[in-house]
Amino acid sequence: MSVPDLAAAGPEGRVARTALALREATDAGTWTLLDHPLLALEVAGSPVYLEPDAVVVRPDGGWTVVEIKSFPMVDGAADASKVGAAARQAAVYVLALEGVAARTEGARVAQSVLLVCPKDFSNVPTASVVDVRKQRSVTRRQLARLTRIDEIADALPEGTSFDVAERSAEELTAAVESVPHQYAPECLAACELAFHCRSRSREAGAVETLGRSVRGELGGLTTVGAVLAAARGEEGDPEDPAVAALRRARALRQEALASAPARAPREVSECPC
C-alpha cells in the first residue's frame, strides 16, 4: 500500500497536495492510504478546512473515509450516541471529499465510513463500517440553507466596520448594535458577544433566552409576553397546540395551588450573634 507525503506550505498548499495525491492514486489503480489529508468545504461562501484521520483509495477508484476514535467497541458494538456523533463528523468529510471526486475522472466516494476503535478496552484496534448517507443528506441541506457571508455583509449599513484598531469604542458599539442578534444559552460557551446578545434578547422579551428547545415548542409565540398572554387566554388561537398546552398548564397550576394547604409564615428568630 502506498502512503504519499502530503506535506505542503499553508492550508491551501495542503489541500492542493491532497487533491493531487487522490488523483494520482486513482489513476494508478493501487491501494493508497492518505494519512491526515486536508480537505476544503465551502460553508456560507467561505472555505473551511477539514482534516480526517485517513482516506483510503481502492484500486477500483473508490475513496473511503477512515475515522479513528478512542471509545471502545465491546462485543462488536459501541455506544450508540458516540457512534452517531462520529457518523455526523465523518459525513462532513464525505461531502468535502465529493468536491474533489467531482473533478477526478473515475473516482467515487463511498457513502459509508470505516470506524476504527479499541476492541474490548484493549489496545487492539477493530473496525466497523458505518453508513452515513442520512447524516450526509442532513448536513448538505443545512449547508444549503446557510446565508452567505457576502449577503450578510450587504445587509449591513454603509461604512460598518469591526476593525478594533481603526474604530473607537463608540463606533464599534454602534457597529455591533447594527447586527441582528440570534441568542441561545449555548452561545455562552462559544461566543464573546453572548452576554451582549443575551441582554438584547432579554430586553426584547425573546423566548430564545429560554433555549432552542423551548423556542421550538412555542411555535409562533416569539416573546415571553405573548406566551404569558396566551396562557391567560388573552391572546392566541385556541386551536394552536402551543396555546392549548399553555392554557392547560396554567389551569393545572391554578388547580394545584388551590388544593395545596395554606402554610403559615415562618418566624425568623433574631440572630444570636
For V65 and L97, what are the C-alpha separation, side-chain angles and deciding distance, and is it a side chain to side chain contact (heavy atoms under 4.5 Å, CB included)? CA-CA 9 Å; V65 173; L97 205 58; 4.0 Å; yes
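- For the atom pair CG (D53) and CG (D35), the distance works out to 8.5 Å, reported to the nearest 0.5 Å.
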Would V56 and V66 count as a side chain to side chain contact (heavy atoms under 4.5 Å, CB included) if you check the C-alpha gap in whole Å, the side-chain angles of each, and the deciding distance to 0.1 Å? CA-CA 7 Å; V56 173; V66 179; 3.7 Å; yes
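- Contact of the P52 side chain with the L39 side chain is registered, since non-hydrogen atoms from C-beta on lie closer than 4.5 Å.
- Here the side chain of R212 pairs no donor or acceptor atom with the backbone of E208 at under 3.5 angstrom.
- In this structure, T64 and V55 have side chains that are not in contact, with every pair of non-hydrogen atoms separated by 4.5 Å or more.
- The two residues A244 and P238 come nearest to each other via the heavy atoms CB-O, 3.9 Å.
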Test log, rule side chain to side chain contact (heavy atoms under 4.5 Å, CB included), inputs V129 and L114: CA-CA 5 Å; V129 177; L114 192 64; 4.1 Å; yes
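- Heavy-atom neighbours of Q111 CD from other residues, nucleotides or ligands within 6.0 Å: above the threshold of 12.
- In this structure, the side chain of R17 does not engage the main chain of L38 through any donor-acceptor pair within 3.5 Å.
- Nearest heavy-atom pair across S201 and H181 is OG-CD2, 3.0 Å.
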Are M73 and S128 close enough, and set up right, to give a side chain to side chain contact (heavy atoms under 4.5 Å, CB included), and what steps lead you there? CA-CA 9 Å; M73 192 173 295; S128 177; 3.8 Å; yes
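- S199 has its side chain out of reach of H196: every pair of non-hydrogen atoms, C-beta onward, lies at least 4.5 Å apart.
- Annotation for R215 and T222: closest pair NH2-CG2, 3.4 Å, computed over non-hydrogen atoms.
- Linking Ile, Leu, Val, Met, Phe, Trp and Tyr whenever their side-chain heavy atoms come within less than 4.5 Å puts V43 and Y93 in one cluster.
- Residues A204 and T223 approach most closely at O-CG2, 4.1 Å, considering heavy atoms.
- With a 6.0 Å radius and a threshold of 12 heavy atoms from other residues, nucleotides or ligands, F195 has its CZ atom at or below the threshold.
- In this structure, the side chain of S178 engages the main chain of A175 through a donor-acceptor pair within 3.5 Å.
- Residues V132 and L41 share a single hydrophobic cluster, defined by chaining ILVMFWY side chains whose heavy atoms lie under 4.5 Å apart.
- Two residues are said to be in side-chain contact when any heavy atoms from C-beta on lie closer than 4.5 Å; P72 and K119 fail this criterion.
- In this structure, R141 and V138 have side chains that are in contact, with non-hydrogen atoms separated by less than 4.5 Å.
- The local environment of CZ in R133 is sparse, with at most 12 non-hydrogen atoms from other residues, nucleotides or ligands closer than 6.0 Å.
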With salt bridge (charged side-chain N to carboxylate O under 4.0 Å, His left out) as the criterion, how do E51 and R14 come out once you've worked through the C-alpha distance, each side chain's angles and the decisive distance to 0.1 Å? CA-CA 10 Å; E51 187 176 16; R14 289 187 59 195; 3.2 Å; yes
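- Side-chain contact between E255 and L252 is present, with heavy atoms from C-beta onward closer than 4.5 Å.
- Summarising the geometry of L246 relative to A230, their closest heavy-atom pair is CD1-CB, 4.3 Å, with the distance given to 0.1 Å.
- Between atom CG of residue L221 and atom CD of residue E235 there is a gap of 9.0 Å, rounded to the nearest 0.5 Å.
- Crowding of R253 atom CZ: a count of heavy atoms from other residues, nucleotides or ligands under 6.0 Å not exceeding 12.
- Taking CD from E170 and OG1 from T173, the interatomic distance works out to 6.5 Å, rounded to the nearest 0.5 Å.
- Taking CG of L172 as the start and CZ of R167 as the end, the distance is 8.0 Å to the nearest 0.5 Å.
- Annotation: side chain of F162 is in contact with side chain of V176 (closest heavy-atom distance under 4.5 Å).
- For the pair V94 and A110, the tightest heavy-atom approach, listed with the atom from each and the gap, is CG1-O, 4.1 Å.
- In this structure, a donor-acceptor pair under 3.5 Å is absent between the side chains of W63 and T104.
- By the criterion of side-chain heavy atoms lying less than 4.5 angstrom apart, applied directly or through intervening Ile, Leu, Val, Met, Phe, Trp or Tyr residues, V116 is not grouped with F71; the two fall into different hydrophobic clusters.
- Under the 3.5 Å distance criterion, the side-chain polar atoms of D60 are matched with a main-chain donor or acceptor of G62.
- Summarising the local packing, CD of E192 is surrounded by 12 or fewer heavy atoms from other residues, nucleotides or ligands at distances under 6.0 Å.
- Residue-environment remark: CD (Q182) stays at or below the threshold of 12 foreign heavy atoms within 6.0 Å.
- With rounding to the nearest 0.5 angstrom, the OG1 atom of T30 is 10.0 Å from the CD atom of E24.
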Derivation and outcome, side chain to side chain donor-acceptor pair (under 3.5 Å), residues S81 and D79: CA-CA 6 Å; S81 62; D79 183 271; 2.3 Å; yes
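- Applying side chain to side chain contact (heavy atoms under 4.5 Å, CB included) to S2 and the options V57, T32, L34 leaves one that passes, T32.
- A distance of 8.0 Å separates OG in S161 from CD in E166, rounded to the nearest 0.5 Å.
- With contacts defined as side-chain heavy-atom distances shorter than 4.5 Å, the pair R136/L95 qualifies.
- Under 4.0 Å is where a charged nitrogen must lie from a carboxylate oxygen, and between K69 and E67 at least one such pair does.
- Residues L115 and L33 do not share a hydrophobic cluster, clusters being chains of Ile/Leu/Val/Met/Phe/Trp/Tyr side chains in contact below 4.5 Å.
- With salt bridges taken as basic N to acidic carboxylate O contacts below 4.0 Å, one links R200 and E177.
- Residues I68 and F121 are members of separate hydrophobic clusters, defined by side-chain heavy-atom contacts under 4.5 angstrom among Ile, Leu, Val, Met, Phe, Trp and Tyr.
- Side chain of T139 to backbone of Q135: a donor-acceptor contact under 3.5 angstrom is found.
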Working note: E42 + R148, criterion salt bridge (charged side-chain N to carboxylate O under 4.0 Å, His left out); need CA distance, chi angles, decisive distance, verdict. CA-CA 10 Å; E42 184 177 297; R148 294 177 59 88; 3.3 Å; yes
